[in-house]
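Following: one structure in structure tokens, then a few remarks.
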Amino acid sequence: MDYDYKRIERKWQAYWADHQTFKTKEDSSRPKYYVMDMFPYPSGAGLHVGHPLGYIASDIFARYKRLRGYNVLHPMGYDAFGLPAEQYAIQTGQHPEITTAKNIKRYREQLDRIGFSYDWSREVRTCDPKYYKWTQWAFLKMFGSWYDNSAEKARPIEELTASFEKGGSGSVNAACDSYEAFSAGEWNSFSEKEKDEILMHYRIAYQGETAVNWCPGLGTVLANDEVREGYSVRGGFPVEQKKMKQWFLRVSAYAGRLLDGLDDLDWTDSLKEMQRNWIGRSYGAEMVFKAHNGGKEYDMHIFTTRADTVFGVTFMVLAPESDLVESLTTPGQKSAVEDYLRLVAKKTERERISETKTVTGVFTGSYAVNPLTGKDVPIWISEYVLAGYGTGAIMAVPAHDSRDYAFAKKFDLPIIPLIAGCDVSEASFDAKDGIMCNSGFLNGMNVKEAIPAAIDYVEKTGIGRRKVNYRIRDAIFSRQRYWGEPFPIYYKDGIPTAIPFDKLPLELPEVDQFKPTETGEPPLARAKNWTYDGYPLETSTMPGFAGSSAYYLRYMDPHNDNALVSREADSYWKDVDLYIGGTEHATGHLIYSRFWNKFLYDLGYVCRDEPFCKLINQGMIQGRSNFVYRVVNTNTFVSCGLKDGYETTEIHVDINLVHNDKLDMEAFKAWRPEFSKAGFILEGGEYICGYAIEKMSKSMYNVVNPDEICDTYGADTLRLYEMFLGPIDQSKPWDTNGIDGVNRFLKKFWRLFWNGDEFLVRDDKAGAEELKVLHKLISKEQYDIEHFSYNTAVSSFMIAVNELSDYRCSKKEILEPLVIMLSPFAPHICEELWEALGHDESVTYASFPEYIEKYTIENECTYAVSFNGKTRFTVSLPKSLSSGDVESRIMSMDQTARYTEGKTVVRVIVVQGKIVNVVIK
RNA sequence: GCUUUGGUGGUGGAAUUGGUAGACACGAGGGACUUAAAAUCCCUUGGGCAGCAAUGCCUGUACGGGUUCAAGUCCCGUCCGAAGCACCA
């Protein structure tokens, strides 16, 4: 029998499906292991070879863990709500549900061909009402909760109102977006509507009005991570700022916990760093400067990380959007300020970014008192101060902050240096280092001492207090789209009200068209009877990240109608042990998911504070495009190596017409009518194409479909090859040039078992050499798989198989463990060989061979060599040597002496008469 | 600008974390088998020098220094690439 991969792969894929080989149940007798992929958005283009990279890596690990005796949960599903299906629906009128179902079917077919060990009985789809019932449920829980800063956790809103009734707003330390104090008496006298408006500032899912990223091209608002450089990530449409009423999630309340929680996670440093930057914690102080305009006095709150520099404050700056702008503008400056505000408002986000170098601003006409010097400083307005961060106002210290410096230079404001010997004639001195001067009681201190000393003083005198600030903003949670989860909210006399839990899910209604209404309302406004209990329902839908924020919990218990996840399932599976996916979700999904999980943890629905223990980011697979070179004004194509002799145009050529950069000229002529009469200038009888590394895309004809690889080489070759390509976390171009090598390895492996129809495997006892090959491989595979060095793991198989071929080793004792070890990588061929070896159960139920004495080499003995009282190394030497011989062998070895015994090479390094180390290969 | 991460043959990449640099694979060249091709197998392959030869010597991990018996790996400086953040006070 030859290695007939087509027959084998069909056979075993059917076998796994029929026998439900990978169906997983809770089993308290075995340790659990949860391996998860970031589920895909099923796009119309289907899978390309880049997608399975991470899936293969996780599948190998899942299969490996099964062989190690773990009860493995390895599910898959679809992130099925999203813009492309909706855009397609707007253009064609086809319901997104139909498109999505079609795409999912295609994805499933493609995934099945690669031989993944998913438990498909646990599949989830975010667009399935049975699934999004729990997305809506979580939203309602957030709507019905507030964040207690003192307890550092979310609590039910009823506990908040109870506190208000007894002690007013002062009785709680809550996360809140606008603070207006009220007493218990005042609270109790408020109307329902007033109470509700106040509670809205405390809810974890709340409605608020802010400037949002409005994308007219898509007709919806976007989250910050969906916007890049003023354009939408999806579609590339311009994005502008617009004030709108929106739903928010109070992610900012969790900023501290999201940041601290990172420390214990087994994620890459770069990814943790990205999240740290995104959350952006800074320690400092909030201070009050007394500002005055005419006879009136106002409190100007500012945040600073450099409380030590208050003596150098020479002016104050407000953000243009600040509430204080109006009160602090003097009649004389009124028109200048209004002109400036109009100028700023006209600018789009895009323009603001591109003009960061130009300094703009206007004087309000009023002054504030520097609380430490008692002197008046002018208050300015400038767009370089952001309304959304801190308090929307700053104290400016031009000597020690480059932005303040640029502003002071432009508007000719004084600059007072505060650090002895620093030069501020050309630029500000931003470094936190040096001895303070011109700073009253801080004089003589180092900056690092002066910062806490200044804050202590500020707190003591009541000017301000310690404060931690975060950069992260609350997540905007509504989209003016059709294809998303409807909000389980209706408006009872204008008050947003929750639909009762037992009425969930609130299903998406039918609409006649999927675009916004003529009046600019979201598509759901087109639905007939979009009401609840006679009141209008919310017409926006939830964003993409809603459905993906807790799907890992749903996999644990996917068919439960009474809970997102049952207590039993949650306490067994706990959290995801290994999560594999791309870096592009670093500041989106991976933050929202952690937030969502922490919230559910606070309310006691899940047992773990963090959802993903270990996270691996697989690299992107780029396309490798091929080019042909047409000689200008001819229909003649010149081979790449000779193209410098001609004037040519570079043309993308379909990579399916090219093998190892050699063009199939007949296929090229047949590709397109205009090339049917093409002529070629060849080198060495071949047409060699040029190549470039680019993104995989249809327009560059460089998309490689995994189906094609499965057709020509088989799924096992595809799996091995994707792993062999390089470390999984690295981005690399797809390059089929090496795929023959991997395919050759599988054929060679097969030939250890079969010579034509003759089955070669015998029960003979294995020799020392063969056992050594196996012994080495077991330890290597174990190490490599657990360190995700799959590329070297594959190499090690190749070496072992080459060596065994040299010995013509077809012994069961050696090959059986080999099949088990290779089965996570190439499951189909291994199942087939496992069956040929006489097993009637899937290799899935075998156990990974252990590295034990059984495989040690009988003729050798391992010696431990000590030096300075410590065991420094071990040496394998023949058993036949006497102990004196062993000692003299080792001691007589000179520096870098080489010593060979059988196939063992011993290298001993002796320095100044002492052995330093020995290397054995 | 800040943060993170890299720089090793013609190519993708190894190197047990400080211990024979270039594993394994591709490509290339040579050979065997074959009427021929495919398939398969064997040899050579960082650069340089010496030798009929087995082999030996020198050099070599972006560049310049340093620590060490020993550096691709650690430290300092320089150059280049990739990714993320970017008026965050």
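Every chain is numbered from 1, with letters handed out A, B, ... down the list of sequences. Nothing here was measured: the structure is a model prediction, and the numbers come from that model.
Looking at Ser252(A) and Asp474(A), their side chains do bring a donor and an acceptor atom within 3.5 Å of each other. Using modelled atom types, one finds a donor on one side chain and an acceptor on the other under 3.5 Å when comparing Asp784(A) with Thr792(A). Side-chain N/O atoms of Tyr721(A) and Asn743(A) include no donor and acceptor closer than 3.5 Å.
In this structure, U11(B) is classed as anti because its glycosidic torsion departs from zero by more than 90°. Glycosidic conformation at G47(B) (O4'-C1'-N9-C4 for purines, O4'-C1'-N1-C2 for pyrimidines): anti, more than 90° from 0.
Pairing partner, G9(B): none, since no Watson-Crick or wobble contact has both distances short of 3.5 Å. Across all strands shown, C33(B) remains unpaired; no Watson-Crick or G-U wobble contact has both distances below 3.5 Å. Nucleotide A82(B) is matched to U4(B) when pairs are restricted to Watson-Crick or G-U wobble geometry with both distances under 3.5 angstrom. Judged by Watson-Crick or G-U wobble contacts below 3.5 Å, the nucleotide C87(B) has no partner. Across all strands shown, G72(B) has no partner, as no Watson-Crick or G-U wobble contact with both distances under 3.5 Å is found. Pairing partner, U55(B): A50(B), with both Watson-Crick or wobble hydrogen-bond distances short of 3.5 Å. U45(B) is paired with G27(B) under the Watson-Crick or G-U wobble criterion, all donor-acceptor distances under 3.5 Å. In this structure A15(B) sits in no base pair that meets the Watson-Crick or G-U test at under 3.5 Å.
Distance noted for atom C1' between G46(B) and G22(B): 8 Å (whole Å). Rounded to whole Å, the separation between the P atoms of C43(B) and A25(B) comes to 11 Å. The gap from the C1' atom of U45(B) to that of A23(B) amounts to 15 Å, rounded to the nearest Å. Taking the C1' atom of each, A28(B) and G10(B) are spaced 8 Å apart, rounded to whole Å. Across C74(B) and G81(B), the matching C1' atoms stand 23 Å from one another, rounded to whole Å. A83(B) and G64(B): their C1' atoms are spaced 28 Å apart (whole Å). Nucleotides G60(B) and C76(B) have their C1' atoms positioned 23 Å apart, rounded to a whole Å. The gap from the C1' atom of G47(B) to that of C42(B) amounts to 26 Å, rounded to the nearest Å.
Toward the 5′ end of RNA chain B lies the nearest nucleotide of Gly741(A), the other residue of the pair Ile472(A) and Gly741(A) mapping further downstream. Ranked by how close their nearest RNA chain B nucleotide is to the 5' end, Ser789(A) and Ser796(A) are led by Ser789(A).
For Lys732(A), whose side chain is taken as the heavy atoms from C-beta onward, the closest listed nucleotide among G13(B), A89(B), A25(B) is G13(B). Nearest nucleotide to the side chain of Asn737(A), out of G84(B), C87(B), C26(B): C26(B). The side chain of Lys748(A) lies closest to C41(B) when the candidates are C41(B), C26(B), C24(B). Relative to the side chain of Met274(A), the nucleotides C42(B), U3(B), G84(B) differ in distance, and G84(B) lies closest. For Met798(A), counting side-chain heavy atoms from C-beta on, the closest listed nucleotide (A25(B), G13(B), A89(B)) is A25(B). Candidate nucleotides A89(B), C87(B), U3(B) were compared by shortest atom distance to the side chain of Glu383(A), and C87(B) ranks first. For Pro727(A), the side-chain atoms get nearest to G13(B) when compared with the rest of G13(B), A23(B), A39(B). Comparing atom distances between the Ser795(A) side chain and each of G12(B), A89(B), A23(B) picks out A23(B) as nearest. Taking every side-chain heavy atom of Asp401(A) into account, A89(B) is the closest of A25(B), A89(B), U40(B).
In this model, the phosphate group of A89(B) is approached by a side-chain N or O of Ser282(A) to a distance below 4.0 Å at OP1 or OP2. For Arg744(A) and C41(B), the shortest distance from a side-chain N or O to OP1 or OP2 is not below 4.0 Å. Phosphate contact (OP1/OP2 of G13(B), side-chain N/O of Gln730(A), threshold under 4.0 Å): present. Close to C85(B), at under 4.0 Å from its OP1 or OP2, lies no side-chain N or O of Arg276(A). For Asn791(A), no side-chain nitrogen or oxygen approaches OP1 or OP2 of A23(B) to under 4.0 Å.
Tyr783(A) has its OH atom 6 Å from the P atom of U17(B), to the nearest Å. For the pair Leu752(A) CG and U40(B) C1', the interatomic distance rounds to 14 Å; values are reported in whole Å. One atom, CZ of Arg471(A), and another, C1' of G84(B), lie 11 Å apart when rounded to the nearest Å. To the nearest angstrom, C1' of C87(B) lies 19 Å from NE2 of His400(A). Here A86(B) presents its P atom at 11 Å from CG of Leu386(A), a figure rounded to the nearest Å. At whole-Å resolution of the value, CZ in Phe407(A) and P in C87(B) are 17 Å apart. We find that CH2 of Trp754(A) is positioned 24 Å from P of A39(B), with the value rounded to whole Å. Between Asp740(A) atom CG and C24(B) atom P the separation is 19 Å, expressed in whole Å.
With hydrogens and angles disregarded, no donor-acceptor distance shorter than 3.5 Å links the side chain of Asn469(A) to the backbone of Ser282(A). A donor-acceptor pair under 3.5 Å is absent between the side-chain atoms of Lys467(A) and the main chain of Glu286(A), judged by distance alone. No side-chain donor-acceptor contact under 3.5 Å links His400(A) to the backbone of Thr309(A).
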*Step by step, work out the side-chain contact (heavy atoms from CB on, under 4.5 Å) result for Trp380(A) and Phe407(A).*
CA-CA 10 Å; Trp380(A) 287 68; Phe407(A) 196 83; 3.8 Å; yes
*Audit row: Val313(A), Phe289(A), side-chain contact (heavy atoms from CB on, under 4.5 Å) steps and yes/no*: CA-CA 11 Å; Val313(A) 173; Phe289(A) 280 57; 4.3 Å; yes
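Using a 4.0 Å heavy-atom distance criterion, Asp404(A) is classed as making no nucleic acid contact. Pro733(A) comes within 4.0 angstrom of no nucleic acid atom, judged by non-hydrogen atoms across all strands. Using a 4.0 Å heavy-atom distance criterion, Ile799(A) is classed as a sugar-phosphate-only contact. Note on Ser270(A): only backbone sugar-phosphate atoms sit closer than 4.0 angstrom, heavy atoms only; bases stay farther off.
With salt bridges taken as basic N to acidic carboxylate O contacts below 4.0 Å, none links Arg276(A) and Asp269(A).
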